[in-house]
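Working notes, beginning with the structure itself.
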Amino acid sequence: MNRVYGIIGIKAKMANWNADFTGRPKSTSNGEIYGSDKALKYPMKKMWENEGKNVLFVKSFKESKGAIIPNQLAERYEKLFSKLDEKDTTNDVMINLFNCIDVKNFGATFAEKKQNISITGAVQFGQGFNKFDDTNVEIQDILSPFADSTKDDAKQSTLGTKITVDEAHYFYGFSINPRNYDEYKALLGNDFQGYTEADYQEFKRVALVSATAYSTNSKFGCEDEFALFVECKDSETYLPDLSDYVKFDSQKREIDLDEVEKLVGDKAAVEVYYNPYKLSIKTSYKCKNIFTKEDIA
């Protein structure tokens with residue numbers, strides 16, 4: 001397969017797609033709200049994990065000395081495969097790493113037991129910037145049913161806060177370069193076929209639904225609302241971050257792909273998915289319903 005470029009759009013309504021360490025939506029120094037690539041990858045990895053697939057880079061826990069603590073990287077590897085031994089060859093470890101679906105897509109940094117492995121992932125995401133003009137940060141006070149346990153004379157229950165945005169629309173650009181793994185195909189032999197068409201189809205499947213499927217208290221209200229997949233017809237086509245070329249009309253909730261179409265031209269096959277119940281779209285591309293996958297007339 002050749003390179004693939006695209007965009008994934010995430011809507012957040014009275015939700016917090018990606019918080020910083022203060023609990024507020026992540027933003028640049030000039031106040032522009034965005035979501036990190038990690039925020040988008042995490043629901044994908046959780047969806048794969050819930051389906052029983054091997055996922056290495058996700059938090060898991062163990063009991064130690066009466067406490068519940070996160071596993072170390074080597075312990076997580078051991079849960080999926082065998083105990084990591086200093087006698088293990090790098091080839092054996094790399095074959096196991098590539099058997100993890102998150103590593104196969106996003107790459108890995110693995111430095112354990114005399115192994116120092118760095119894999120540049122075939123799939124690379126940019127940062128997802130909010131293109132909605134009128135986003136407000138909402139802070140809700142929450143009354144706890146319990147008194148402050150640190151104060152013996154506490155007579156009132158404690159207060160907490162929940163921080164959300166009223167509405168935001170994040171657009172992530174991504175690229176897939178299957179040739180990132182060409183050198184490993186020669187090193188690992190027939191046990192490794194590189195990044196295949198089947199890998200791409202699996203990525204596309206979760207890219208369309210994982211944010212919608214992942215519902216936590218802060219993420220309820222976050223959902224996949226748009227996706228664009230540009231499959232290059234030859235190996236010599238190189239495109240920039242396509243999310244920079246999307247225009248979003250905040251009043252109409254309308255996505256304009258005119259600049260994307262001019263940029264892509266006839267160099268690729270294009271698929272577009274969106275939420276037709278909440279969005280409109282300006283494009284000559286054929287579109288599909290992001291929920292039903294059916295064609296939109």
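When reading the values below, keep in mind they use all heavy atoms of this one structure, side chains included, and skip hydrogens, waters and symmetry mates.
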**Q.** Note, Glu254 side chain near Lys247 side chain (heavy atom, < 4.5 Å)
**A.** no
Q. Which heavy atom of Leu279 sits nearest a heavy atom of Tyr274, and at what distance?
A. O-CE1, 3.5 Å
Q | Considering all heavy atoms, the nearest Asn96-Phe81 contact | A | O-CZ, 3.0 Å
**Q.** N-O pairing of Arg253 and Asp249 below 4.0 Å
**A.** no
Q: Check whether the side chains of Tyr195 and Asn177 place a donor and an acceptor atom closer than 3.5 Å, and report yes or no.
A: no
Q.
Quiz question: by atom type and distance under 3.5 Å, do the side chains of Asn30 and Thr28 form a donor-acceptor pair?
A. yes
Q) Of Glu223, Met47, Met44, which is the lone residue that meets side-chain contact (heavy atoms from CB on, under 4.5 Å) with Val209? A) Met47
**Q.** Nearest atoms (heavy-atom pairs only) where Gly173 meets Asp241
**A.** CA-OD1, 3.3 Å
Q.
So, taking the atom named CZ in Phe110 and the one named OG in Ser118, what distance separates them when rounded to the nearest 0.5 Å?
A. 12.5 Å
Q | Pair Asn71-Ser60, side chain to side chain donor-acceptor pair (under 3.5 Å): steps then yes or no | A | CA-CA 6 Å; Asn71 281 303; Ser60 60; 2.9 Å; yes
**Q.** Heavy-atom pair with the smallest gap, counting every atom of Leu56 and Asp102
**A.** N-OD1, 3.1 Å
(Q) Can you confirm if the NZ or CZ of Lys41 lies within 45° of the ring axis of Phe106 and under 6.0 Å from the centre of its six-membered ring? (A) yes
Q | Charged N-O contact under 4.0 Å between Glu75 and Lys62 | A | yes
Q.
Donor-acceptor pair, distance only, cut-off 3.5 Å: does the side chain of Lys282 make one with the backbone of Ile255?
A. no
Q | Stepwise side chain to side chain donor-acceptor pair (under 3.5 Å) check, Asn289 with Tyr277 | A | CA-CA 9 Å; Asn289 185 310; Tyr277 313 111; 3.0 Å; yes
Q: Would you please say whether a donor-acceptor pair under 3.5 Å links the side chains of Asn136 and Asp166?
A: yes
**Q.** His169: which of Phe129, Trp17, Phe132, Tyr34 passes ring-ring contact (aromatic ring centres under 6.0 Å, His included)
**A.** Phe132
Q: Scan Arg3, Lys267, Lys204 and name whichever one has a salt bridge (charged side-chain N to carboxylate O under 4.0 Å, His left out) with Glu231.
A: Lys204
Q. Hey, does the side chain of Glu261 reach the backbone of Ser284 with a donor-acceptor pair shorter than 3.5 angstrom?
A. yes
Q. Under 3.5 Å, is there a donor-acceptor pair linking the side chains of Asn130 and Thr135?
A. yes
Q) Are the side chain of Asp37 and the backbone N or O of Leu40 linked by a donor-acceptor pair below 3.5 Å? A) no
Q: Hey, can you tell me if Phe229 and Phe203 have their rings parallel, tilted or perpendicular (30° and 60° cut-offs)?
A: perpendicular
Q: Report the C-alpha separation of Ser36 and Asn18 in whole Å, then their side-chain angles, then the decisive distance to 0.1 Å, and conclude whether the side chain to side chain donor-acceptor pair (under 3.5 Å) test is met.
A: CA-CA 7 Å; Ser36 74; Asn18 189 197; 3.2 Å; yes
